[in-house]
Chemist: 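After the structure tokens below, expect a handful of questions from me.
Both counts, for ligands and for their atoms, begin at 1 and track the order of listing.
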Amino acid sequence: MNRHIAIDGPAGAGKSTIAKAVAKKKGLIYVDTGAMYRAFGLYLLRQQVDVNDQDAVIAACERADVSIAFENNEQVVLLNGENVNGQIRTEEVGNMASACSTIPRVREIMVERQQQIAREKDVIMDGRDIGTVVLPDAKTKIYLTASSKVRAKRRYDELKEKGVDCDLKKIEADIIERDERDMNRAASPLRQADDAILVDTSDLSIDEVIAKILELSDG
Ligand code: DC
């Protein structure tokens with residue numbers, strides 16, 4: 001069986017930063033599953049599909065070709081063959097991804113593609129349902145979290161660094177709203193798998209979190 005590490009947790013917990021670093025150290029491929037939901041969210045925005053119209057969203061999901069390719073071991077998300085890595089990181093796309101990911105059929109399609117990748121490669125995969133649904137047999141499962149205040153501040157600093165004008169209170173409100181939706185949806189809600197290890201990063205540096213996860217996944 002391939003080597004698999006599952007990392008789940010709420011928005012802004014640092015999953016992708018940590019998973020990328022651990023992937024490098026352990027020679028694994030990093031798979032960011034949120035990027036797939038984001039690419040589909042982008043498709044819905046472009047096609048002006050109403051996210052509340054489930055049938056329309058499902059029809060769109062059957063027709064949108066969201067796939068992942070790897071260039072020099074780096075993930076590239078393709079939407080109908082187009083590299084959309086540079087267009088999926090906005091709050092608007094993130095909110096759309098969160099909204100469409102509540103629909104069971106959309107999840108089914110995405111999960112199938114993610115499991116296919118894991119059948120072929122040694123991966124560290126992050127998302128909301130990796131330890132619970134996508135890779136239930138993963139050898140190491142981590143549930144990465146931090147307080148909403150800390151997560152909002154990290155996001156705020158990141159945006160400021162890029163010169164984007166933003167409001168800390170609004171970012172925290174968005175994070176709380178997204179948590180609420182991701183954790184309370186009926187289909188595969190975000191939750192810690194029974195056999196996952198909880199890592200709260202609120203008071204840890206990135207290097208400390210990486211060291212902890214390397215230690216937890218050794219052996
Ligand atoms: O990790 P992210 O913020 O890029 O994910 C965007 C949204 O996609 C997230 O709010 C919920 C959804 N998602 C999901 O439902 N399941 C996953 N495995 C990954 C993301």
Chemist: Polar-atom distance check: K15 versus ligand 1, any N or O pair below 3.5 Å?
Modeler: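 So ligand 1 has no N or O lying under 3.5 Å from an N or O of K15.
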Chemist: If you have a sec, work out which protein heavy atom is nearest atom 4 (O) of ligand 1 and how many Å separate them, to one decimal?
Modeler: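 Of every protein heavy atom, R38 NE, 2.6 Å lies nearest to atom 4 (O) of ligand 1.
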Chemist: Could you tell me if the side chain of F70 sits less than 4.5 Å from the side chain of I117, heavy atoms only?
Modeler: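 Yes, at least one pair of side-chain atoms sits under 4.5 Å.
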Chemist: Locate the shortest heavy-atom distance separating I103 from V51; write the atom from each residue and the value.
Modeler: CD1-O, 4.5 Å
Chemist: Can you pull out the closest protein heavy atom to atom 12 (C) of ligand 1? Residue, atom name and distance to 0.1 Å, please.
Modeler: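 Here the closest protein heavy atom is S101 OG, 3.6 Å.
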Chemist: Step through the shown structure and confirm whether more than 12 heavy atoms of other residues, nucleotides or ligands are within 6.0 Å of CG on L214.
Modeler: yes
Chemist: Using a 4.0 Å heavy-atom cut-off, which part of R185 comes near ligand 1: side chain, backbone, both, or neither?
Modeler: side chain
Chemist: List every atom of ligand 1 that sits less than 4.0 Å from any heavy atom of D182, numbering the atoms from 1 in the order shown and giving each element.
Modeler: 9 (C), 10 (O), 11 (C)
Chemist: Should we say atom CD of E74 is surrounded by more than 12 heavy atoms from elsewhere, each under 6.0 Å from it?
Modeler: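 No - once you tally the heavy atoms of other residues, nucleotides and ligands closer than 6.0 Å, there are 12 at most.
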Chemist: Does ligand 1 come near enough to Q114 that some N or O of the ligand is less than 3.5 Å from an N or O of the residue?
Modeler: no
Chemist: Verify the neighbour count for atom CD of E161: are there more than 12 heavy atoms of other residues, nucleotides or ligands below 6.0 Å?
Modeler: no
Chemist: Would one find an N or O of D126, backbone or side chain, under 3.5 Å from an N or O of ligand 1?
Modeler: no
Chemist: Would R128 count as being in polar contact with ligand 1, using the rule that some N or O on each side must be under 3.5 angstrom apart?
Modeler: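 Yes, R128 has an N/O under 3.5 Å of an N/O on ligand 1.
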Chemist: Search all heavy atoms of D8 against all heavy atoms of G131 and return the closest pair with its distance.
Modeler: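 Looking at all heavy atoms of both residues, the closest pair is OD2-N, 2.7 Å.
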Chemist: Nearest protein heavy atom to atom 19 (C) of ligand 1, by residue and atom, and its distance?
Modeler: T33 OG1, 3.4 Å
Chemist: Got the closest protein heavy atom to atom 8 (O) of ligand 1, with its distance?
Modeler: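 In this structure, atom 8 (O) of ligand 1 has Y37 CB, 3.5 Å as its nearest protein heavy atom.
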Chemist: Any atoms of ligand 1 less than 4.0 Å from a non-hydrogen atom of S98? List them with their elements.
Modeler: 7 (C), 10 (O)
Chemist: Which atoms of ligand 1 sit under 4.0 Å from any heavy atom of G127?
Modeler: 17 (C), 18 (N), 19 (C)
Chemist: Has ligand 1 got any nitrogen or oxygen that is less than 3.5 angstrom from a nitrogen or oxygen of D129?
Modeler: yes
Chemist: How far is atom 16 (N) of ligand 1 from the closest protein heavy atom, and which atom is that?
Modeler: R107 NH2, 3.1 Å
Chemist: Among protein heavy atoms, which sits nearest to atom 6 (C) of ligand 1, and what does the distance come to when rounded to 0.1 Å?
Modeler: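 Going atom by atom, the protein heavy atom closest to atom 6 (C) of ligand 1 ends up being R178 NH1, 3.7 Å.
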Chemist: Can you establish whether the number of heavy atoms outside K160 located under 6.0 Å from its atom NZ is more than 12?
Modeler: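 Enclosed.
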Chemist: Could you tell me whether the side chains of Q116 and R113 share a donor-acceptor contact shorter than 3.5 Å?
Modeler: no
Chemist: Taking 4.0 angstrom as the limit and counting only heavy atoms of A97, give me the atoms of ligand 1 inside it, by number and element.
Modeler: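 Heavy-atom distances to A97 below 4.0 Å select 6 (C), 7 (C), 8 (O).
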Chemist: Taking a hydrophobic cluster as the set of Ile, Leu, Val, Met, Phe, Trp and Tyr residues connected by side-chain heavy atoms closer than 4.5 Å, whether directly or through intermediates, do I7 and L204 fall within one such cluster?
Modeler: yes
Chemist: Would you find more than 12 non-hydrogen atoms of other residues, nucleotides or ligands less than 6.0 Å from D203 atom CG?
Modeler: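 No, the 6.0 Å shell around CG holds no more than 12 heavy atoms from other groups.
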